[in-house]
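Data block below; observations after.
Any value given below was found using the heavy atoms of this structure, including those in side chains, with hydrogens, waters and symmetry copies removed. Remember, it's a predicted structure, so these values are computed and weren't measured experimentally. In listed order, ligands and their atoms are each counted from 1.
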Amino acid sequence: MTDDVPRFGFGDNWNKFIRQKHNAERLNAASKRLTSFLNREDMKGLDFLDIGCGSGLHSMAALTLGAGKVHSFDYDPNSVKATQFLREKAGNPPNWKVERGDVLDPAYMESLGKWNFVYSWGVLHHTGAMWDAVRNAQARVADGGLFYIALYSADVDLQPSKEFWLEIKKEYNRVTPFTRWLMMWWYVWRFGISMNVRNVPALVKQIWTHRTKRGMNYFTDVRDWIGGWPMEYAGDQETADFLEDQYGFELINVSVGHACSEFLFRKTGVLGRKTDVKQLVEKLKTEKAYTVV
Ligand SMILES: C[S@@+](CC[C@H](N)C(=O)[O-])C[C@H]1O[C@@H](n2cnc3c(N)ncnc32)[C@H](O)[C@@H]1O
């Protein structure tokens, strides 16, 4: 953990989200994002290790899509509660395990064995030791298996600056709940509508369409963004190089240009590969260059 700043209450935010907002439409949106990034229609034949499961929505989506075994864990007990809530809603399926766990704990990670699909969306940069977390997560991928991660990108031109957001996050976790509430509305005023009430209709539309992206909620994500601490940024090429060069992965799909870059790697065991991320992005605009079977 960096500095003396308390961690953000990710789980509290997820628990509220899942109890107040969960519905079939969100589950469907989460499922669609999984299948579209995987370029598959379902997840049959895949077992799903969800590292930092948060609300549990994507674990539930994987199960609904036919994943064989689902294992969801999170550092934050309230994220575990949120995911358990969804598991109960799903009728407590025996092939879905939910527990507290830490991606930075080598013994715990080792105990999980190998998986043909390891998923960690928006998590590893919030651990306080991002590259250790990436290293521990990738080690759970079986030969030929898939590794789907999303990390805050160092390549996106964040306004006013990347450092500004790190300071905001630290501040958010030091202040009272009332000041946090004010900070959320400050964000909406300054960045949601650019300090111009004429932009309110566009924001309302944005809030409405936000749910269709990964099944998420605008205000839950705003709190997660302004409060999510600890937090680090990863370069897009840096991430690809780290996993390809040292750990024998091949980058097969990527989505960049948003706060979080998404990566789909396959474990080939061949070390030293060097995919040019920008070239792959261009290639993927015209062709689906991979098939995940
Ligand atoms: C931004 S949320 C993402 C949740 C979910 N993966 C999603 O896509 O909606 C980050 C999650 O990572 C969890 N997390 C942070 N550090 C962790 C660690 N060391 N081990 C496991 N989970 C961790 C947080 O508690 C939080 O639930």
Geometric class of the Y152/H126 ring pair [parallel <30°, tilted 30-60°, perpendicular >60°]: perpendicular

Plane angle bin for F117 and F48 - parallel if under 30°, tilted between 30 and 60°, otherwise perpendicular: perpendicular

Starting from [atom], find the nearest protein heavy-atom neighbour and note its residue, name and distance.
atom: atom 20 (N) of ligand 1; value: V103 N, 3.0 Å
atom: atom 12 (O) of ligand 1; value: V123 CG1, 3.4 Å
atom: atom 22 (N) of ligand 1; value: Y75 N, 3.3 Å
atom: atom 27 (O) of ligand 1; value: D74 OD2, 2.7 Å
atom: atom 2 (S) of ligand 1; value: W14 NE1, 3.5 Å
atom: atom 4 (C) of ligand 1; value: G52 O, 3.4 Å
atom: atom 8 (O) of ligand 1; value: R214 NH2, 2.8 Å
atom: atom 16 (N) of ligand 1; value: R7 NH2, 3.1 Å

Would you say [atom1] of [X] has more than 12 non-hydrogen atoms from neighbouring residues, nucleotides or ligands within 6.0 angstrom?
X: Q159; atom1: CD; value: yes
X: K21; atom1: NZ; value: no
X: K114; atom1: NZ; value: yes
X: E110; atom1: CD; value: no

Contact atoms of ligand 1, heavy-atom distance to [X] under 4.0 Å:
X: C53; result: 5 (C)
X: G54; result: 4 (C), 27 (O)
X: H126; result: 1 (C), 15 (C), 16 (N)
X: D76; result: 25 (O)
X: G101; result: 20 (N), 21 (C)
X: G122; result: 1 (C), 2 (S), 3 (C), 10 (C)

N-O pairing of R214 and E262 below 4.0 Å: no

Electrostatic pair D42:R40 at N-O distance under 4.0 angstrom: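 Salt bridge between D42 and R40, a charged N being under 4.0 Å from a carboxylate O: yes.
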
For ligand 1, which part of [X] has a heavy atom less than 4.0 Å away: the side chain, the backbone, both, or neither?
X: S55; result: neither
X: R33; result: neither
X: D50; result: neither

Nitrogen or oxygen of [X] less than 3.5 angstrom from that of ligand 1:
X: D102; answer: yes
X: H58; answer: no
X: W121; answer: yes

Shortest reach to atom 26 (C) of ligand 1 by a heavy atom, considering only F10, Y152, Y119: F10

Polar contact flag, side-chain donor to acceptor under 3.5 angstrom, Y247-R135: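 A pair is found: one side chain offers a donor N or O, the other an acceptor, under 3.5 Å apart.
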
Any side-chain heavy-atom pair of H22 and F17 under 4.5 Å: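 The answer is no; the side chains never approach within 4.5 Å.
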
F219 and I207, any side-chain heavy atoms less than 4.5 Å apart: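 Heavy-atom side-chain distance check passes, below 4.5 Å.
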
Partners passing side chain to side chain contact (heavy atoms under 4.5 Å, CB included) against Q237 (at least two apart in sequence or in another chain):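 If we apply the side chain to side chain contact (heavy atoms under 4.5 Å, CB included) test to Q237, skipping adjacent residues, the hits are A240, D241, K274, D276, V277.
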
Y218/W208 aromatic ring centres below 6.0 Å: no

